[in-house]
Protein chains: 2
Amino acid sequence: MSPRSEEANIQIKDDRQKQILCSALKVFIHKGFAAAKMSDIATEAGISYGLMYHYFQSKEEIYAELVKGAIEASKQALEKAQKEETEPIDKIRALIVRIFASVGQHESAGYYFVLMMGAMTSGAYPALSMEGPQGPGRPFEMLVRIIEDGQRKGQIMQGSPAELATTFFSAILGLASLKVSGTIASMPDPGVLMRIFQPASQAKTK
Amino acid sequence: MSPRSEEANIQIKDDRQKQILCSALKVFIHKGFAAAKMSDIATEAGISYGLMYHYFQSKEEIYAELVKGAIEASKQALEKAQKEETEPIDKIRALIVRIFASVGQHESAGYYFVLMMGAMTSGAYPALSMEGPQGPGRPFEMLVRIIEDGQRKGQIMQGSPAELATTFFSAILGLASLKVSGTIASMPDPGVLMRIFQPASQAKTK
DNA sequence: GTCTATAAATCGATAGAC
DNA sequence: GTCTATCGATTTATAGAC
């Protein structure tokens, strides 16, 4: 037991966990949860098979940890957008630009969205649901609130805010899926997606 | 060997295959390819486990057959839209309405789209690719051609037709995924998606 | 054509040496 | 902390009876 071994071990432990999570994200996305083998993740991370179970209890725990991170990241992104002192429509524009840029540049950003899509459709994560009992901390509802603000100010077309939000989310998730799989080479112009929100009156009066 | 046994057997064989394919589609969508067990499909179809292998050689063959059907169905839907003697923008509108209606009403229609999404991202089916060497029979390119027509006639916003098509496809695939998983209860208003194509000049001059 | 039983292979999780 | 070896459970695919 050398003097600094405790701190160093904590550091190693933290690094290894991040390393495993990062590798697992790649593997989960490219193969899906069921097809992803623990040996795949171990190989990707460059460690032995058995060591995986020193840091995580099961494959599901790794997946759950990743989803937790994805939910947290999207919450923070939406909170950041909401706090900016700009018009609602500009908050949405900034959000799209930021998302497209991160997905276009960093593989892992796109992975996070695809992971969320999978977690959403599995129905195992209440924080990602769009229907049912509402909870103020859900990313979906945070977007709905921004849309409602924009409608009150006449910047966004009238109609169900939930419908607009789901269509928006669907396009983002779909685009991210196609991007990380290499089906499309780059993300489209943010303006294309902005049109979903555009009120007819805005184009008329301009 | 009774007189009509041959015809009857052919009929039985055809029915069973369709029955298995239909059950497999449900199971694949809800669990993913890897997690879908042959026993799940057999139970869903109401037949024994072993009988599956009398009609299909492997799980992959069943999946490939389903993807083949999905590609064929989308080709036909796009050909139907293209043949109608209406304006390009109306062809797209009719396409969206038809897709939303079928996905909203019949589970299997939504399944087909989700299946296509999975097949697309796996990269194993060239007919579903959006990049790379072009082939005139691909559903994606058929949509691009309709968009180009619409742009020439000023009905659709200017810009990369491929970008518009990918955004459109992404939203459809994303919405279908969320719909079949029960994440959203119903498809949104087709008009929301139509806005992606709307040229600024159209709203202005009206 | 249809079923049950079994073979063969795979994978998640654990045990124990270093 | 890290690795190798192994168990146990599950699953695909096949064999053979009816």
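Chain letters run A, B, ... following the sequence lines, proteins first, then strands; residues in each count from 1. Here the structure is a predicted model, which is why all the values come from computation and not from measurement. Worth knowing before you read on, the calculation uses all heavy atoms, side chains too, and leaves out hydrogens, waters and symmetry mates.
- Under the side chain to side chain donor-acceptor pair (under 3.5 Å) criterion, the residue pairs touching residues 109-121 of chain A are A:E107-A:Y111, with sequence neighbours excluded.
- Distance from the side chain of B:Y53 is smallest for D:dA13 among the nucleotides D:dA13, C:dG12, D:dT2.
- For B:E131 and B:R138, the salt-bridge test fails: no basic side-chain N is under 4.0 Å from an acidic carboxylate O.
- Ion pair B:E84/B:K91 not flagged as a salt bridge, since none of the NZ, NE, NH1 or NH2 atoms sits closer than 4.0 Å to an Asp/Glu carboxylate oxygen.
- The line from CG of B:L115 to CD1 of B:I29 is 5.0 Å long, rounded to the nearest 0.5 Å.
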Quick test: give all pairs of protein nitrogen or oxygen and nucleotides 3-6 of chain C nitrogen or oxygen below 3.5 Å, distance rounded to 0.1 Å.
from: C:dC3; atom 1: OP2; to: B:S48; atom 2: N; distance (Å): 3.0
from: C:dC3; atom 1: OP2; to: B:S48; atom 2: OG; distance (Å): 2.9
from: C:dC3; atom 1: O5'; to: B:S48; atom 2: OG; distance (Å): 3.4

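- Looking at every heavy atom in both residues, A:S129 comes nearest to A:F140 through O-CB, 4.4 Å.
- We find that CG of A:D40 is positioned 13 Å from P of C:dT10, with the value rounded to whole Å.
- In summary, the side chains of A:Q151 and A:Q158 do not present any donor paired with an acceptor at a separation below 3.5 Å, with no hydrogens or angles considered.
- Within the structure, the side chain to side chain donor-acceptor pair (under 3.5 Å) test picks out no pair touching residues 55-80 of chain B (sequence neighbours left out).
- Rounded to a whole Å, the CD atom of A:Q19 is 13 Å from the C1' atom of D:dT2.
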Please table the atom pairs, donor to acceptor, closer than 3.5 Å between any side-chain atom in residues 40-47 of chain A and protein atoms at least two apart or in another chain.
from: A:D40; atom 1: OD2; to: A:K31; atom 2: NZ; distance (Å): 3.1
from: A:D40; atom 1: OD2; to: A:K37; atom 2: N; distance (Å): 3.1
from: A:T43; atom 1: OG1; to: A:S39; atom 2: O; distance (Å): 2.8
from: A:E44; atom 1: OE2; to: A:K26; atom 2: NZ; distance (Å): 3.4

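- Within residues 24-37 of chain B, the residues approaching DNA chain D are B:A36, B:K37, by heavy-atom distance under 4.0 Å.
- C:dG1 atom P lies 16 Å from atom CE of B:M52, rounded to whole Å.
- Near-neighbour residues of DNA chain D inside residues 54-68 of chain A, defined by a heavy atom below 4.0 Å, number-ordered: A:H54, A:Y55.
- Residues B:M116 and B:V67 are not in side-chain contact: their nearest non-hydrogen atoms beyond the backbone lie 4.5 Å or more apart.
- The nearest whole Å value for the distance from the CD1 atom in B:I20 to the P atom in C:dG1 is 12 Å.
- Electrostatic pairing of A:K18 and A:D15 does not count as a salt bridge here, judged by no charged N lying under 4.0 Å from a carboxylate O.
- Between the CG atom of B:N9 and the P atom of C:dG1 there is a distance of 5 Å, given to the nearest Å.
- In this structure, B:I10 atom CD1 and C:dG1 atom C1' are separated by 14 Å, rounded to whole Å.
- Under the side chain to side chain contact (heavy atoms under 4.5 Å, CB included) test applied with B:I147, the options B:L143, B:V144, B:D149 reduce to a single match, B:L143.
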